[in-house]
Amino acid sequence: MSDDKSDDKSDDKSELSKGYEPAEVEPKWYQFWLEQGIFEASVDPADKREPYTITLPPPNVTGSLHMGHALGDTIEDVLIRHKRMQGYNVLWQPGIDHAGIATQLVVERQLAREGKSRHDLGRAKFVERVWEWKAQSGGRIAEQMKVLGASADWKRSKFTMDPELQVAVREAFVRLHGEGLIYRATRLINWCTDCRTALSDVEVENEEANGELYEFAYPVLHADAGAGATELVVATTRPETMLGDTAVAVHPDDPRYQHLHGKKLKHPFLDREIPIITDAILVDMAFGTGAVKVTPGHDFNDFATGKRHQLEEINILSLDGKLNERCAQFQGLTIKQARSAVKKAIAEAGLERGSKAHKLQLPRCTRSNTVVEPIISTQWFVDMKPLAEPALAAVREKRTEIIPAEWEKTYEHFLTNIQDWCISRQLWWGHQIPAFHCADCGHITVTREEHPSACEKCQKANLTQDPDVLDTWFSSGLWPFSTLGWPNKTPELERFYPTSDMETGYDILFFWVARMMMMGLHFMGEVPFKRVLLHGMVVDETGDKMGKLKGNTLDPLDLIYGAEFSTIVQKTMPDAPVDEALAKFRKAYPSSAQMGKGFSPSGADALRFTLCSYSPQAKRIALSPARVDGYRKFCNKIYNATRFSLGYLEGETVTAEGATPLPKLLLNRWILSRLSAAVEASTRGIDAYRLDDGSGALYHFFWDEFCAWFVEMCKPVFLHGTEPEKAETRQVLAHALEAALRALHPYAPFITEDLWQRIPRPASRPASIALAPYPTALDGRVDPDAERDMAVLMAAISAARSVRSEHEIAPSDGIKLELRVADPKLRALLEEQGRFIAFLVRTEGAPAVMNVGGERPKGAVLTVAGEVDVLVNLRGLVDAHKEKERVERKLKKLQKDLEVMEKRLSNANFIKNAPPEVVVEANAQKHSLEREQVNLSQSLKWVEELKE
RNA sequence: GGGCGCAUAACUCAGCGGUAGAGUGCGUCCUUCACACGGACGAAGUCGCAGGUUCAAUCCCUGCUGCGCCCACCA
């Protein structure tokens, strides 16, 4: 609503407008930081600052900034900016991941729109095309991170497919191969028929689905009619795989099937005899019919069974998921078609024996969501056990600490049960495997050379490179050292490895963190990072996972720049009717109801502050737009408090290095004491990975202490104080504000820079607040006396205000206030602070201060505020009947509290066993309650007086 | 089948062995010269249920209920 006149963002000297407008401030300062080079790490040998390093989890080159990124980037940036201000040589290493499958799919989709497939282009042209695409759209997410304020060292940004990183990948592969830890084998692997590639175990997600348990009979060959058993009924969730069956297994002890041991079955559709085998591992007598069809070619259990019994492994699928030539009349059908066709054929053959509903786990590809098929295939694998051992030990020995610690168990469980890692992918986009097949002798040469000239065994030159590429996560696993120049011994590697903190979402603990641990320990001999900080998943306000299908995704940029809800839903649910989409959105974000037509532009700082304010140990972070709005208002508060201060700071220069003032006035001593506590809490919070505590301490300090009390108390000084008082207060105001801005800077970098630059200060200052020292307790001055005195003052003022408000005294009505206290020191204090009390309570003149006891003035209401009795004279201002009711209600409540307190204090065991300070505290509370009671009883008399 | 986590104010969440906190929302009053993106004051919770330990339990222990996640080859 503010009619905004200021449109010139360039002129610092311009009048500050009434409200904070992030859009006018943020881009300008980011540009400034880049120009000043403040994000850049140093490898200068003369630079002796201690290093602090975070490697950014490289976002996918296909990605754009989502809430999860915003959360992680914000947390990391807070850590980085904090350490930078503390004088560390900070490296925040950014980069982008080539994201094999994801990227290939994007470009293939693009080709499809042109009516082409990658095969039309051929491998080389296709890869070229991907690079083109990357050049065009691959830099988007970095630009979005800049909007957020991320202070990464962009000049060092890396891409996992950069030439030097390709060198690192080849080096790692060749070494592991040489050590026998990478090998090639033919075994059952997960195959995505849509992506047409092998997958690793972690890329498969099991999803519960409703299926059926279908029963059918295999006829027994040469059945002994006398024994009556002419068939064996098996139960399966996948009838179509019977085309690949090479045995049926029963439990050796199952009495039902003893007579069938050693017999054979006739395959109804294929010319194949199927042996009946006994296997106690595979078969659970109680499940199904107790007879299991065995398909070694398409089931992990059956594969293992097949190995135990030397069964033939028949592959019935081609790579696109259709049935192959081994399937007779079913050849060419998709799996889904085959399932019904096979069932129909079984029924027609009279072999169907029933079915029932059954819940099962369907393995799906994390990329395409296609059902993954186990098929037998020749792939490259990493032997994980020898790598996992050191990674386990490092965490057990706390060389790397995982925070929150409960994830250690998960990590431990994963690494102790780890299977070998299938690292080859049948894609074109990625690091091609440095293995060369010899057409002459069949030997495979694994080498660092890009184009080896001869087979290492037969020396002939007939070599073809293995067409497969490596799993994206293979190169990601090397990231903490490959980005620093490994395998070369670079100054960067020397200085910044091991890195300090690894901050990422818990969802990639297995995919990435565990692998970096293994690779780092193996190749560098040292852990890749000293702490792993895991954050939760950002979900919608009701706790549901964000997803395009659900239409509940929230774009960080929409909160930063502001957006109408109708625009947002058109983006997230382009195909749904607007009303329907809006309803979905509002349901996912109930607090949006109080926000009119859309989000106000909150700015990056507000979003950052919001993200910091959530507890990092929560697994789910239910993002509330209303909360963002709350921090938007906080930014406005910071802005306006500074605007107020600047009005009084003419000529006052502040420097962070300057001595902390040594003021005399209570308000000044107090705010410096609170400042100490707040900045200390902030650093403690950040160091302990509790940004919610750190940011919360500063929020509370700034709003509830600096603004609500200190700034308000500055006013009477500036209006009516003596010159020395004014000078002292001006100095403390400038000092506290400047320190507060520095303390807030890691959380809210833009607004703090903008305002800090406006505070008059000497020429020796750093160019940017980002380079100024982070405040410590010494920027303030711990003063327990001031805190105690101020607490008395605040309690008295609050009590008096409360009386005003409860009795609905108009602000224009000045009241007469009398304060009574037994302690002469406190009397002196209240006397001395009279002008502040008068200003904040709005009384007629300074309050009268006296000893306790004596007659209560007629018409005065009495309230207890700690040791102080607060008497407010309301004669002629209130209604007696209403007052009586109010007093009686209060008395009732008080009596209840007092009973509880008395019971507690009369408990002999409590007196005997509780710590003394608890008893003292309880006595004090009781005493206070009793005084309140006496006063309230008096108030009943007071009501009578009012009636007179 | 294992493992982990969560249940606290209308909503989203902190917290803690000593008679419950924040933000938003809600109510009353106020356009007081930084800020109505504001101020003052206030209402609001049997801290999921049932036991146990303790002088004291929302917090620790046990069981139960309800959610959520991860891992796992029951066909």
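Quick note: numbers below take in every heavy atom, side chains included, and nothing from hydrogens, waters or symmetry partners. Proteins get letters first, then strands, A, B, ... in listed order; numbering begins at 1 in each. Owing to the predicted nature of the structure, the values given are computational and were not obtained by experimental measurement.
For A/R801, the side-chain atoms get nearest to B/rA40 when compared with the rest of B/rG39, B/rA75, B/rA40. For A/E541, the listed nucleotide lying nearest its side chain is B/rC11; candidates were B/rC11, B/rC55, B/rG68. For A/P811, counting side-chain heavy atoms from C-beta on, the closest listed nucleotide (B/rA14, B/rC30, B/rC41) is B/rC30. Closest contact between the side chain of A/N909 and the listed nucleotides B/rC55, B/rC37, B/rA34 involves B/rC55. Nearest to the side chain of A/R904, among B/rU19, B/rA34, B/rU24, sits B/rU19. The nucleotide whose nearest atom lies closest to any side-chain atom of A/E712 is, among B/rA34, B/rA75, B/rC37, B/rA34. Distance from the side chain of A/D284 is smallest to B/rA75 among B/rC71, B/rU12, B/rA75. Counting only heavy atoms from C-beta on, A/A914 has its side chain closest to B/rC55 among B/rC55, B/rC4, B/rG42. Of the candidate nucleotides B/rA34, B/rC37, B/rG18, B/rG18 has the atom nearest to the side chain of A/V918. Out of B/rA34, B/rA14, B/rU19, the shortest distance to the side chain of A/R690 is found at B/rA14.
Side-chain atoms of A/K293 and A/T241 form a donor-acceptor pair, as typed in the model, at a separation below 3.5 Å. Side-chain contact of A/H413 with A/N417: a donor-acceptor pair under 3.5 Å is present, judged by distance alone.
Between A/F414 atom CZ and B/rC4 atom C1' the separation is 16 Å, expressed in whole Å. When rounded to the nearest whole Å, the span between CD of A/E406 and P of B/rC70 equals 15 Å. Summarising the geometry, the separation between CD1 on A/I809 and C1' on B/rU32 is reported as 17 Å, rounded to the nearest angstrom. Protein atom CZ of A/R643 is 12 Å distant from nucleotide atom C1' of B/rC37, rounded to whole Å. Distance A/D813 CG to B/rU32 P: 16 Å, rounded to the nearest Å. Summarising the geometry, the separation between CH2 on A/W407 and P on B/rG5 is reported as 10 Å, rounded to the nearest angstrom. As a whole-Å value, the separation of A/K633 NZ from B/rG39 C1' is 14 Å.
The shortest distance between the side-chain N/O atoms of A/N913 and the OP1/OP2 oxygens of B/rC55 is below 4.0 Å. Side-chain N/O atoms of A/T289 include none lying less than 4.0 angstrom from OP1 or OP2 on B/rA75. Distances shorter than 4.0 Å separate some side-chain N or O of A/K18 from OP1 or OP2 on B/rA36. Contact check, A/K619 against B/rC69: no side-chain N or O comes under 4.0 Å of OP1 or OP2. Contact between the side-chain N/O atoms of A/W703 and the OP1/OP2 oxygens of B/rG39 is found at a separation under 4.0 Å. Of the side-chain N and O atoms in A/H807, none sit less than 4.0 angstrom from OP1 or OP2 of B/rC41. Between A/K715 and B/rA34, a side-chain N or O to OP1/OP2 separation shorter than 4.0 Å is present.
Atoms CG and OH, on A/D245 and A/Y218 in that order, are 3.5 Å from each other to the nearest 0.5 Å. Distance CD/A/Q925 to CG/A/L929: 7.0 Å, rounded to 0.5 Å.
Residue side chain A/K637 reaches the base of B/rC35 through a donor-acceptor N/O pair under 3.5 Å, judged by distance alone. Not a single donor-acceptor pair, N or O on each side, falls under 3.5 Å between the base of B/rA40 and the side chain of A/E806.
Taking the C1' atoms as reference points, B/rA44 lies 26 Å from B/rG17, given to the whole Å. To the nearest whole angstrom, the two C1' atoms, one in B/rC26 and one in B/rC11, are 12 Å apart. B/rU24 sits 28 Å from B/rG18 when the P atoms are compared, rounded to a whole Å. Taking atom P on both nucleotides, B/rA14 is separated from B/rG48 by 14 Å, rounded to a whole Å. One C1' atom belongs to B/rA75, the other to B/rG3, and the distance between them is 25 Å to the nearest Å. The separation of B/rC64 from B/rG45, taken at their C1' atoms, amounts to 23 Å, rounded to a whole angstrom. Rounded to whole Å, the C1' atom of B/rU19 lies 14 Å from the corresponding atom of B/rU46. Annotation: B/rC71 and B/rG21 have their C1' atoms spaced 37 Å apart (nearest Å).
Taking the centre of each ring, A/F287 and A/H358 come in below the 6.0 Å mark.
Figure legend: cation-pi geometry between A/K715 and A/F644, with NZ or CZ positioned under 6.0 Å from the six-membered ring centre and within 45° of its axis. A cation-pi contact, defined as under 6.0 Å to the ring centre and within 45° of the axis, links A/R627 to A/Y614.
Salt-bridge annotation for A/E899 and A/K903: absent, with no side-chain N of the basic residue lying under 4.0 Å from a carboxylate O of the acidic one. Salt-bridge annotation for A/E406 and A/K619: absent, with no side-chain N of the basic residue lying under 4.0 Å from a carboxylate O of the acidic one.
A/D544 has its side chain out of reach of A/V539: every pair of non-hydrogen atoms, C-beta onward, lies at least 4.5 Å apart.
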Handout entry: Bracket string, RNA chain B, 5' to 3' - pairs by Watson-Crick or G-U geometry under 3.5 Å, | interstrand
Key = (((((((..((((....[..)))).(((((.......))))).....(((((..]....))))))))))))....
